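Here the structure is laid out as structure tokens; the discussion comes afterwards.
As a basis for the values below, the full set of heavy atoms in this structure was taken, side chains included, without hydrogen atoms, waters or symmetry mates. Quick caveat: nothing in here was measured; it's all calculated off a predicted structure.
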Amino acid sequence: MFIGLLFVAAILVLWLLLSLVFIPIFNLLNHLLAHADNSTVMPQNDLLMGTLTLGVSDLVTGEVMISGGGRARQTYAARLYQPDQDAELSALPKGARVVVVSVIKGIAYVIPFQEPTTELHHA
């Protein structure tokens, strides 16, 4: 009986020690890898089309609804994609068609959709 209690106590001590070692390691790994799932940069040929359900501007975060492309209808917070801070574009109204350039931390960065022209520009 004493050996059984000693065995149970040893298992309990081992479990506590492993918990004290592995829980902080897993917590650290979770913290370090959490941002890996929050960024999605899509290739040029895989850009998504959307419609703004709330307008966006330099200072206002709007909302874009994406449907099609083999996806269920999704909505994201939306901001203007401006790689240069001196960009000309300052706002897009509700209902504007946009192209989603990237989704980072749940925010879709959008540019206005422009219909392709059939004219060829000669240099």
Apart from V60 itself, members of its ILVMFWY cluster (side-chain separation under 4.5 Å) are none
Can you see which heavy atom on P24 is nearest to which on S19, and at what distance?
CD-O, 3.8 Å
W15: hydrophobic cluster co-members (side-chain, 4.5 Å)
L12, L16
Shared ILVMFWY cluster between L54 and V100, side chains joined below 4.5 angstrom?
no
How long is the gap from CD on Q114 to CZ on R97, to the nearest 0.5 Å?
12.5 Å
Are the side chains of V98 and L92 in touch, meaning some heavy atoms are under 4.5 Å apart?
yes
So among I66, V110, V99, which one has a side-chain contact (heavy atoms from CB on, under 4.5 Å) with L48?
I66
Inter-residue atom distance L59.CG - L80.CG, 0.5 Å rounding:
10.0 Å
Using every non-hydrogen atom in the two residues, find where P93 and L52 come nearest and quote the distance to one decimal.
O-CD1, 3.6 Å
Ignoring hydrogens, what is the shortest heavy-atom contact between Y76 and A108? Give both atom names and the distance.
CB-CB, 3.8 Å
Before giving the answer on side chain to side chain contact (heavy atoms under 4.5 Å, CB included), spell out for V56 and E63 the whole-Å C-alpha distance, their side-chain angles and the decisive distance to 0.1 Å.
CA-CA 8 Å; V56 298; E63 183 180 66; over 6 Å; no
By the rule that ILVMFWY residues connect when side-chain heavy atoms come within less than 4.5 angstrom, directly or transitively, which residues belong alongside M65?
none
Report the C-alpha distance between T61 and R79 in whole Å, list the side-chain angles of each, state the deciding distance to 0.1 Å, and finish with yes or no for side chain to side chain donor-acceptor pair (under 3.5 Å).
CA-CA 5 Å; T61 299; R79 291 191 183 151; 3.1 Å; yes
L6 CG to I3 CD1 distance, which is reported to the nearest 0.5 Å
8.0 Å
